[in-house]
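Notes follow once the structure below has been shown.
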2 protein chains.
Amino acid sequence: MSVESVLIPFKNQQHNHESCIKSALADAEAACSKAGMRLTKIRRQVFELVWSSHAPVKAYDILAQLHQENPRAAPPTVYRALDFLLSVGLVHRIESLNAYIGCGDPSQPHIGQFLICEACGAVAEMNAQKITRLLRKQAEQLGFKTVNQLVEIRGLCPQCT
Amino acid sequence: MSVESVLIPFKNQQHNHESCIKSALADAEAACSKAGMRLTKIRRQVFELVWSSHAPVKAYDILAQLHQENPRAAPPTVYRALDFLLSVGLVHRIESLNAYIGCGDPSQPHIGQFLICEACGAVAEMNAQKITRLLRKQAEQLGFKTVNQLVEIRGLCPQCT
DNA sequence: GAACAATATGTTATAACATAACGTTTTTTG
DNA sequence: CAAAAAACGTTATGTTATAACATATTGTTC
């Protein structure tokens, strides 16, 4: 058995994060233009702040950062941008943390499964069809029609083990 | 394949909920006395309010109800009771709803998987080892050591389909 | 059962997370 | 360009949760 799809693996500490951001931005531009959506200045700024690390980022932390460049930013500024990014599939929300993280593969909408390191805060994203299918199947056994799935696994990442 | 363990199934609308509550209370008494913990008056009241339906209940709704019997109740009153009930395993928190629901089997701590009906709000609890094991295994493939799992499936329950 | 320790609750204030409502600006489209 | 649509600004407030410290209750030891 193998993990079919790892969208964002755990990175070592020396990885070049600038290139992560750059690549994510390119993907975002592509996804938006394909969908006919506008990646405005604010949305891009919020997107870059979400991507500032591989750990989830909180809305009010984004706001504080954003404030440096845009003194008029207020909570709705950030939440609107996040809602947009979520709707296009460029970021995910980690429910158990009230925080947001960049999506590893915005090229197509998907259900992500998240691995959250309780030591360093890093998050990896899987997209294992095996899990998706099993959950759907087990739910079906109870007569339940699945629309959406939320999987967040907490533990220790390879570096912190 | 079958669902190995359904802790709380979806109930029909005519089911006798009084008996659900009664049975849950008996379980709670047993679990507390076994663990050497005290199910105080406030904790019992909060527990009963959580069990007032098979849909998740919000902390401030509990507070409003509690207030009728106990005018001095404040947010910490409720959150402390909920924290206690969570720690003993008598209730679960539904992360995607910021809400709380009675546990279907407090006799032993467990990881629950929740089915949330988007139409009627009802929640069923599964405890499928197959899911737990698969998630652990897939995480392990990435060098991740699982401590805890969160699974919340959204969709339509049998009655609402 | 008095003294002490531990646990539980009361109380006030505030932190943290999120949205409603309405006005203004910018962009797109015919 | 004018009208419509989309994005953003602004103010206020709703919702969820905890910090910090005081008081009360319960359990334990002698």
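Letters A, B, ... are given to chains in the order of the sequence lines, protein chains preceding strands, and every chain is numbered from 1.
Going from atom CG of Leu82(B) over to atom C1' of dT15(D) covers 15 Å, rounded to whole Å. In this structure, CG of Leu85(B) is placed 14 Å from C1' of dA8(C), rounded to the nearest angstrom. Straight-line distance from the CZ atom of Arg72(B) to the C1' atom of dA24(D): 10 Å, rounded to whole Å. One can place CG of Asp83(B) at 13 Å from C1' of dA8(C), the figure rounded to the nearest angstrom. For the pair Glu95(A) CD and dA18(C) P, the interatomic distance rounds to 9 Å; values are reported in whole Å. In this structure, the NE2 atom of His67(B) is 11 Å from the P atom of dG10(C), given to the nearest Å. Regarding Phe84(B), its CZ atom lies at a distance of 19 Å from the P atom of dA17(D), rounded to whole Å. Regarding Ile94(A), its CD1 atom lies at a distance of 16 Å from the C1' atom of dC17(C), rounded to whole Å.
By the 4.5 Å heavy-atom criterion applied to side chains, Val147(B) and Ile153(A) are not counted as neighbours.
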Show me, pair by pair, the donor-acceptor contacts under 3.5 angstrom made by side chains of residues 44-51 of chain A, not counting sequence neighbours?
unit_1	atom_1	unit_2	atom_2	d
Arg44(A)	NH1	Glu29(A)	OE2	2.4
Gln45(A)	NE2	Glu69(A)	OE1	3.2

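Distances shown here put every side-chain N or O of Lys58(B) at or beyond 4.0 Å from the OP1 or OP2 atom of dT15(D). Under 4.0 angstrom from either OP1 or OP2 of dT9(C) there lies at least one side-chain N or O belonging to Arg43(B). For dA18(C), one of the phosphate oxygens OP1 or OP2 lies less than 4.0 angstrom from a side-chain nitrogen or oxygen of Arg93(A). Arg80(A) has no side-chain polar atom (N or O) that falls below the 4.0 Å cut-off from OP1 or OP2 of dT10(D).
Taking the nucleotide of DNA chain C with the nearest heavy atom to each of Ala73(B) and Pro76(A), the more 5' of the two is matched to Ala73(B). Between Asp61(B) and Asn70(A), the residue anchored nearer the 5' end of DNA chain D, judged by the nucleotide with its closest heavy atom, is Asn70(A).
A donor-acceptor pair under 3.5 Å links the side-chain atoms of Gln149(A) to the main chain of Thr132(A), judged by distance alone.
Residue Thr40(A) places its side chain closer to dA7(D) than to any other of dT9(C), dA17(D), dA7(D). Picking from dA18(C), dT10(D), dA17(D) the nucleotide with the shortest atom distance to the side chain of Thr77(A) gives dT10(D). For Ala74(B), the listed nucleotide lying nearest its side chain is dT11(C); candidates were dT11(C), dA17(D), dT19(C). Comparing dT19(C), dA17(D), dC8(D) against the side chain of Tyr100(B) picks out dA17(D) as the nearest.
Contact annotation for Arg38(B): backbone-only contact, meaning every heavy-atom pair under 4.0 Å involves sugar-phosphate atoms and none involves a base.
For His92(A) and Tyr100(A), the ring centers are positioned 6.0 Å apart or more.
Contact annotation: side chain of Tyr60(A) to base of dA18(C), donor-acceptor pair present below 3.5 Å. Judged by distance alone, with hydrogens and angles left aside, Tyr79(B) brings no side-chain donor or acceptor close enough to the base of dA19(D) to form a pair under 3.5 Å.
Within a 6.0 Å radius of NZ in Lys145(B), no more than 12 heavy atoms belonging to other residues, nucleotides or ligands are found.
Relative orientation of the Phe144(B) and Phe10(A) rings is parallel, given thresholds of 30° and 60° on the angle between their planes.
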